[in-house]
Visitor: 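The structure under discussion is supplied below as structure tokens; questions concerning it will follow.
Values below: all heavy atoms of this structure, side chains included; hydrogens, waters and symmetry mates excluded.
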Amino acid sequence: MARNSALVPESKAKLDSFKSEVASSLNINLKQGYNGDLTSRDAGSIGGEMVKRMIAYAEQNMR
């Protein structure tokens, strides 16, 4: 499967928005499009925080 494809096409825009929100809360500047100059640490921080928030959301909505 291609890297930028999504099973639900509408989800890409939502995930990009979520990623920007998380990056902003971590004081990491993301540009629109390619962010190859981002450090691995910053990219990992964004992804890790996204996962934490998604897990917390799922746990709250399972009850």
Visitor: Using only atom types and a distance under 3.5 Å, with no angle test, would you say the side chain of Asn35 pairs donor to acceptor with the backbone of Gly33?
Guide: yes
Visitor: Between Lys31 and Asp37, what is the shortest heavy-atom contact and its length?
Guide: NZ-OD1, 2.9 Å
Visitor: Please determine whether side-chain contact (heavy atoms from CB on, under 4.5 Å) holds for the pair Arg53 and Ser25, giving the CA-CA distance in whole Å, both sets of side-chain angles, and the decisive distance to 0.1 Å.
Guide: CA-CA 12 Å; Arg53 291 184 188 190; Ser25 73; 2.9 Å; yes
Visitor: Look at the side chain of Ser24 and the backbone N and O of Ser20, then say whether any donor-acceptor pair between them is shorter than 3.5 Å.
Guide: no
Visitor: How long is the straight-line distance from CD of Glu49 back to CZ of Phe18, given to the nearest 0.5 Å?
Guide: 8.0 Å
Visitor: Taking the side chain as every heavy atom from C-beta outward, state whether Leu38 and Ile46 have any atom pair closer than 4.5 Å.
Guide: yes
Visitor: Does Ser11 reach the main-chain N or O of Val8 with its side chain, forming a donor-acceptor pair under 3.5 Å?
Guide: yes
Visitor: Do you know the tightest heavy-atom contact between Ile28 and Ser45?
Guide: CD1-CB, 4.4 Å
Visitor: Looking at residues at least two apart in the chain, or sitting in another chain, which of them share a side-chain contact (heavy atoms from CB on, under 4.5 Å) with Lys14?
Guide: none
Visitor: Does a sphere of radius 6.0 Å around CG in Asn61 hold more than 12 heavy atoms from other residues, nucleotides or ligands, not counting ones at 6.0 Å or beyond?
Guide: yes
Visitor: Can you measure from CD1 (Ile55) to CD (Gln60) and round to the nearest 0.5 angstrom?
Guide: 12.5 Å
